[in-house]
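Since we're looking at a predicted model, the values are computed, not measured. Just follow the structure's listing: the first ligand is 1, and inside any ligand the first atom is 1.
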Amino acid sequence: MKVLLVASECTPVVKVGGLGDVVGSLPKALKKLGLDVRVVIPGYKDILYTGGGGASCKEYAIHYGGEAQKIILHQTTLSDTDIPLYFIENEKYISSGGVYMSPSAFASSKDEIERFAFFSKAVVELFVSREDVFFPDLIHCNDWHTGIIPQLIKAEARYIELKRPAAVFTVHNLANQGISSVDVLFRLDGEELFKSPLIKWDAADDNLDFIMQGILASDVVNTVSPSYAEEIKTAEFGEGLQEAIKAKSARVFGVLNGIDGALFNPQKDSYLKVNFSLESLEEVLKGKSANKKLLRKELNLQEKDAPLLGLVSRLTKQKGIDLFINSVDELLGMGFQVVVLGVGDKTLEDMLLSKMNELEFSGDCAGIIKFDEGVARRIYASSDMFAVPSRFEPCGLTQMIAMRYGAVPIVRGVGGLKDTVMDGITGFVFSGFNQSEFLGAVKRAKRVYESADLWGKVVSNCVNADFSWDKSAREYVLLYAKALKFSS
Ligand code: ADP
């Protein structure tokens with residue numbers, strides 16, 4: 001089966017959040033199952049300047065906004081594999097500005113919409129309208145950035161004799177919808193797209209919702225955890241799309257994300273100064289203790305006998321960062337040291353900074369406002385516990401990475417957090433989104449931490465939990481088979 005994964009991020013080339021991790025690792029597991037899988041992402045300026053890994057290039061012209069636009073298709077491979085990775089370069093729409101043009105990475109500004117509408121059109125012209133590049137059996141789209149592609153495939157296939165590729169659409173986060181003004185349709189391919197009843201219906205209120213188009217026009221939809229697939233059918237988590245999703249529910253599935261065990265491996269992680277094996281609990285605890293000492297030095301925390309609670313996240317409301325910052329005083333009062341690494345919404349960055357300034361001389365907490373893979377890995381390796389107090393969580397990777405590095409997660413029981421953390425066994429789960437329930441779970445964790453035997457069991461359960469991609473990749477293959485059946 002020939003599959004093209006289309007997305008806005010792909011680790012290690014470009015990563016803002018978990019989407020990048022997924023797109024960088026799922027193809028490796030699919031390839032192991034015998035699929036001919038390839039990945040295409042935008043050729044952002046940063047990628048092109050860093051060389052993109054010795055890519056070969058070819059020039060094409062596509063039609064957008066009533067004019068021919070030059071694009072350059074770069075082809076390289078996904079790191080440490082022979083899986084083809086394509087970047088699409090276009091000076092006007094894609095390759096100027098940063099990775100995501102909006103100040104908050106997940107907001108969809110007008111320029112952002114235009115960039116991904118153009119990118120989507122380029123993907124379809126290169127991989128669906130012609131056969132000489134790579135003609136997939138199935139296109140796997142991810143999040144709003146690629147949401148218009150299933151419609152474009154259908155519009156395109158009316159002109160040509162080729163069989164239409166099936167479309168799978170994965171919702172990584174329903175909160176970011178890509179709301180566009182309707183005029184983008186004219187730049188894309190007005191006439192044909194307007195023949196779609198779904199487009200007409202969506203455009204009736206004078207805007208177009210890219211993620212809804214992706215959900216409704218694709219052959220099969222999935223979310224990145226089974227619980228989130230159920231949650232998005234409710235008003236609480238459905239972001240206004242719950243009725244549309246319910247109408248499609250026979251084709252909506254949940255496939256839990258995995259993590260790349262080769263990439264997230266404390267034994268080989270080059271970001272750590274002290275690597276440690278997961279073979280025995282003793283080695284894990286010894287390794288973590290050595291890393292904790294070094295992290296304290298790196299972040300100017302005092303050396304003392306205290307549990308370290310880490311948090312690595314985009315700083316957004318979704319992630320419950322406000323709840324966490326408001327709890328820092330109590331956490332320190334309970335004897336914790338606290339480390340937060342994140343970047344995102346300005347108000348939350350300011351809130352974190354002001355809390356850290358207030359506690360600057362305590363030597364017991366550190367807030368680092370930047371995106372830094374190395375610091376993130378050292379936090380996972382050093383923390384005894386790791387907080388994920390999300391309002392909602394489509395899957396969440398940080399709790400799984402934390403477990404692999406022997407940091408016990410304390411999470412809110414929503415979405416993928418609920419599906420990956422077993423209360424009292426591989427972590428501590430709280431239910432209501434409020435400080436008292438969060439702190440209650442922290443207290444329970446601390447009580448267990450104080451008994452070396454009980455804590456050892458929980459840490460062992462964490463490092464032995466299997467979040468490899470193998471099982472999820474097999475589920476994706478079944479999903480692809482369903483999509484092929486529905487599309488024929
Ligand atoms: P989301 O995709 O919603 O941001 P996930 O939990 O799925 O959240 O994935 C987040 C990924 O991004 C993890 O690999 C995490 O380690 C990483 N990450 C988040 N913030 C930072 C940061 N400031 N520095 C380094 N890595 C980060």
Side-chain angles (χ1 to χ4, degrees), residues 7-26 99-100 104-107 142-145 170-176 223-225 227-228 237 255-266 269 271-272 295 298-299 310-321 324 339-345 348-349 352-353 366-383 386-405 407 409-412 414-421 427 467 469 472:
S8 58
E9 300 176 31
C10 177
T11 302
V13 184
V14 48
K15 164 174 165 178
V16 173
L19 173 63
D21 285 329
V22 172
V23 177
S25 48
L26 171 61
V99 175
Y100 301 127
S104 160
F106 288 78
N142 294 276
D143 268 356
W144 78 261
H145 317 93
T170 300
V171 178
H172 296 260
N173 195 333
L174 194 62
N176 310 300
T223 62
V224 285
S225 70
S227 287
Y228 193 57
F237 297 99
V255 180
L256 194 66
N257 280 337
I259 54 169
D260 185 339
L263 199 68
F264 296 109
N265 180 3
D269 192 327
Y271 291 111
L272 306 186
L295 187 75
E298 179 179 341
L299 303 180
L311 186 154
V312 176
S313 177
R314 284 186 294 117
L315 300 182
T316 62
K317 272 196 91 178
Q318 174 200 339
K319 300 290 183 177
I321 302 300
F324 188 84
V339 176
V340 179
L341 170 68
V343 66
D345 292 352
L348 290 168
E349 289 186 354
L352 178 63
L353 274 183
I368 307 120
I369 302 205
K370 61 175 173 177
F371 189 94
D372 189 321
E373 190 73 45
V375 178
R377 300 292 181 90
R378 292 192 283 282
I379 293 176
Y380 290 121
S382 309
S383 299
F386 189 91
V388 195
S390 304
R391 281 184 169 79
F392 67 94
E393 195 56 76
C395 178
L397 298 179
T398 59
Q399 78 281 11
M400 296 193 241
I401 304 170
M403 284 189 244
R404 183 141 168 89
Y405 283 73
I410 300 172
V411 306
R412 174 146 187 255
V414 282
L417 298 171
K418 188 156 95 186
D419 294 343
T420 51
V421 180
F467 295 116
W469 268 107
S472 309

Looking only at non-hydrogen atoms, find the nearest pair between Gln399 and Val388 and report the distance. CB-CG2, 4.1 Å
State if Gly396 counts as touching ligand 1 under the rule of any non-hydrogen atom under 4.0 Å. yes
Do the ring planes of Tyr228 and Phe392 sit parallel (below 30°), tilted (30 to 60°) or perpendicular (above 60°)? parallel
Within the structure provided, determine whether Ile259 and Asp21 are in side-chain contact (heavy-atom separation under 4.5 Å). no
contact_flag Lys15 ligand 1 heavy-atom lt 4.0 Å: yes
Which option wins on minimum heavy-atom distance to atom 19 (C) of ligand 1: Ala175, Ser313, Gly342, Gly416? Ser313
Take atom NZ in Lys15; do more than 12 heavy atoms of anything else shown fall under 6.0 Å from it? yes
Quick check: Leu397 and ligand 1, any N/O pair under 3.5 Å apart? yes
Contacting atoms of ligand 1, where contact means under 4.0 angstrom from a heavy atom of Asp21: 11 (C), 13 (C), 14 (O)
For residues Arg378 and Asp269, determine if any side-chain heavy atom of one lies less than 4.5 Å from a side-chain heavy atom of the other. no
As a check for students: among Phe371, Tyr380, Phe392, identify the option with a heavy atom nearest to atom 27 (C) of ligand 1. Phe371
Mind checking whether Lys370 has a heavy atom under 4.0 Å from ligand 1? yes
Element-labelled atoms of ligand 1 that are located less than 4.0 Å from some non-hydrogen atom of Thr398: 6 (O), 13 (C), 15 (C)
When you measure from atom 8 (O) of ligand 1 to each heavy atom in Gln318, Arg314, Lys319, which option holds the nearest one? Lys319
For the 3.5 Å polar cut-off, considering only N or O atoms, please tell me whether Glu393 and ligand 1 meet it. no
Give the atom numbers and elements of ligand 1 that come within less than 4.0 Å of a heavy atom of Ala376. 25 (C), 26 (N)
Pick one of side chain, backbone, both or neither for how Asn257 approaches ligand 1, counting any non-hydrogen atom pair under 4.0 Å. neither
